[in-house]
Amino acid sequence: MPELPEVETIKSGLQTLLKGKVIESLSFDWPKSYPNSLADTKQFLYGAKIVKVRRRAKVLIIDLSSDYSLVIHLKMTGQLVYKDHKVRYGGGHPNESLISKLPDKSTRVIITFKDTSQLFFNDQRKFGWMKLMPTSMIENLDFFKKLGPEPLEKDFSAEVLKKRLKRRPNSSVKAALLDQSVIAGVGNIYADETLWGAKVKPARLVKDIKNGEFTKLYHALVDVLRLSIKLGGSTDRNYLSAEGKKGSYLAFASVFRKEDQACPRCGHTILKTRVASRGTHYCPHCQK
DNA sequence: CACTTGACCTGTCCGC
DNA sequence: TGCGGACAGGTCAAGT
């Protein structure tokens, strides 16, 4: 479930933890988690230095001094957790239990740096992947070419959101929000939270959304994403930051995973239904 | 063409 | 206690 705020939090952590480190070696236990050949790995990964860590939509990009990059999609259960063996995680360190157990049975890829520290790519459900490719090739990938705008970039506005959502007039507004070619980075948690914030029912069709509602959707979306980044993202089940920390946004969520509880705005009971083939949480009273 | 559903996977939870 | 099945939900391919 890493969505934009979770991937952004991991990016910030990795940027600090990994910058300037030199890769010694890589190992993996599941080919789909790391599909590259050993020859390419030795030539372009071993000995390369970490130059920069970036994010686009829900994808992480680690740029290397070899002009290759590691492109990483965590999908639903992926984690990237860093462990420095010179640091003692015992003695009450808040992340002791999580980090000291690595690697564990969900570890798919291990990157070891020259200084003996390690980056663990854990992925319980094996949907995620980490691919080594030339940095210049990334923008040509179909996935990247189709992506919609980043909602936290300066030029994103209510007008842009309206224009993008209207590309799918006959879809539910929730399905359109989840479509990465419409807007990049929104997943199930922040779609539900955004719709609650804008007082819009998830199943409403885009063509029936009023101008004023697009403006509310815009403000709700940006506010929800910014708040979640501030809180280190949402830990629903699996998500951890690069430092092995859980995110605390869900404690502040209004509807996500709050079915049968009172709506924080009007007090009516929050429902869980299915919209766009996803579990969908909303208040039937104040979301119109 | 626009949109929805199934596949990819494993762990957890629920009912019998 | 054990077991089958539903569910979790990001993205792509296949189906309507």
Side-chain angles (χ1 to χ4, degrees), chain A residues 1-11 28-35 55-61 71-80 98 101 103-109 121-131 138 141-148 150-151 164-195 202-209 225 228 233-240 246-247 249-250 253 255-260 271-282:
Chain A
M1 295 137 251
E3 305 180 26
L4 189 156
E6 290 74 31
V7 180
E8 182 68 22
T9 302
I10 294 170
K11 184 208 83 177
F28 62 91
D29 84 333
W30 183 255
K32 285 184 183 172
S33 300
Y34 183 77
R55 178 192 63 76
R56 173 76 171 105
K58 300 170 191 170
V59 176
L60 271 168
I61 303 164
V71 181
I72 305 162
H73 203 307
L74 300 169
K75 292 287 179 83
M76 247 99 76
T77 56
Q79 305 171 337
L80 280 174
L98 298 163
K101 285 178 192 150
D104 62 27
K105 64 177 171 179
S106 73
T107 300
R108 309 294 167 214
V109 185
F121 173 30
N122 295 335
D123 186 16
Q124 177 190 108
R125 290 174 69 181
K126 301 180 174 176
F127 288 176
W129 42 258
M130 174 183 283
K131 292 174 187 168
I138 297 173
L141 296 175
D142 277 353
F143 177 83
F144 275 80
K145 281 196 283 193
K146 281 188 290 190
L147 282 176
E150 287 287 332
R164 300 297 299 185
L165 289 174
K166 289 215 163 191
R167 289 159 59 102
R168 297 193 49 176
N170 294 308
S171 287
S172 65
V173 60
K174 171 148 180 177
L177 283 169
L178 290 172
D179 184 339
Q180 300 300 292
S181 70
V182 172
I183 317 156
V186 180
N188 208 35
I189 298 172
Y190 302 106
D192 281 5
E193 291 298 308
T194 296
L195 289 161
R204 289 261 305 282
L205 300 187
V206 170
K207 65 184 176 191
D208 297 329
I209 301 293
L225 295 176
S228 183
S234 298
T235 293
D236 185 15
R237 295 183 158 75
N238 290 272
Y239 167 75
L240 292 178
K246 296 183 177 188
Y249 174 80
L250 280 193
V255 285
F256 190 80
R257 287 282 148 78
K258 308 283 183 187
E259 60 267 34
D260 303 327
L271 292 185
K272 182 172 182 186
T273 56
R274 258 183 127 67
V275 176
S277 326
R278 300 286 162 74
T280 297
H281 315 73
Y282 74 104

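In the text below, chain A, chain B and the rest are named by the order of the sequence lines, each starting its count at 1.
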If I take atom [atom1] in residue [X] and atom [atom2] in nucleotide [N], what distance separates them, rounded to the nearest angstrom?
X: A/His281; N: C/dA8; atom1: NE2; atom2: C1'; result: 10 Å
X: A/Asp104; N: B/dG11; atom1: CG; atom2: P; result: 10 Å
X: A/Met76; N: B/dG6; atom1: CE; atom2: C1'; result: 13 Å
X: A/Asp142; N: C/dC12; atom1: CG; atom2: C1'; result: 11 Å
X: A/Leu147; N: C/dG10; atom1: CG; atom2: P; result: 14 Å
X: A/Leu250; N: C/dA8; atom1: CG; atom2: C1'; result: 13 Å
X: A/Asp192; N: C/dG10; atom1: CG; atom2: C1'; result: 15 Å
X: A/Arg278; N: B/dC3; atom1: CZ; atom2: P; result: 16 Å

Consider the side chain of [X], meaning its heavy atoms from C-beta on, and name the nucleotide among [options] that approaches it most closely.
X: A/Arg125; options: C/dG10, B/dT10, B/dT4; result: B/dT10
X: A/Arg257; options: B/dG11, C/dA8, C/dG10; result: C/dA8
X: A/Phe127; options: B/dC9, C/dA8, C/dT11; result: B/dC9
X: A/His73; options: C/dG9, B/dT4, C/dT11; result: C/dT11
X: A/Lys32; options: B/dC9, C/dA8, B/dT4; result: B/dC9
X: A/Asn170; options: B/dC3, C/dG9, B/dT10; result: B/dC3
X: A/Lys58; options: B/dC3, C/dA8, C/dT11; result: C/dT11

Distance between the [atom1] atoms of [N] and [M], in whole angstroms?
N: B/dC9; M: C/dA14; atom1: P; result: 15 Å
N: C/dT11; M: B/dC1; atom1: P; result: 24 Å
N: C/dA6; M: B/dG6; atom1: P; result: 12 Å

N or O in side chain of [X] less than 4.0 angstrom from [N] OP1/OP2:
X: A/Gln180; N: C/dT11; value: yes
X: A/Ser277; N: B/dT4; value: no
X: A/Arg274; N: C/dA8; value: yes

- Quick one: on DNA chain C, does A/Lys272 or A/Lys75 contact a more 5' nucleotide (nearest heavy atom)?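 It is A/Lys272, whose closest nucleotide lies nearer the 5' terminus.
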- Message: Less than 6.0 angstrom from the centroid, inside 45 degrees of the normal: does A/Lys32 satisfy that with respect to the ring of A/Trp30?
- Response: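 The answer is no, since A/Lys32 fails at least one limit relative to A/Trp30.
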- Salt-bridge criterion met for A/Asp192 and A/Arg278 (N-O under 4.0 Å):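 Salt bridge: no.
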- Task: Between A/Arg168 and A/Lys126, name the one whose nearest nucleotide on DNA chain B is closer to the 5' end.
- Result: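 That would be A/Arg168.
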- Query: Which value, rounded to the nearest 0.5 Å, describes the distance between A/Glu8 atom CD and A/Leu60 atom CG?
  - Reply: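 It is 9.0 Å, given to the nearest 0.5 Å.
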- Going by atom types only, do A/Tyr190 and A/Glu6 share a side-chain donor-acceptor pair under 3.5 Å?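 The criterion, which ignores hydrogens and geometry beyond distance, is satisfied for A/Glu6 and A/Tyr190.
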- Query: Is the A/Phe256-A/Tyr282 ring centre distance short of 6.0 angstrom?
  - Reply: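 Distance test on ring centres: not under 6.0 Å, no.
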- Task: Over all heavy atoms of both residues, which pair between A/Gly279 and A/Lys272 is shortest? Give the atoms and the distance, please.
- Result: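 Closest pair (atom of A/Gly279, atom of A/Lys272, distance): CA-CE, 4.0 Å.
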- Message: Just to be sure I understand the rule, does A/Pro2 reach a base, reach only the sugar-phosphate, or reach nothing, if contact means heavy atoms closer than 4.0 Å?
- Response: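 If one applies the 4.0 Å heavy-atom cut-off, A/Pro2 turns out to touch nothing in the nucleic acid.
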- Query: Which is true for A/Arg108 with a 4.0 Å heavy-atom rule: it touches a base, it touches only sugar-phosphate, or it touches nothing?
  - Reply: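 Result for A/Arg108 = nothing.
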- Given that both distances must come in under 3.5 Å, which nucleotide forms a Watson-Crick or G-U wobble pair with B/dT5?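 Its partner is C/dA13.
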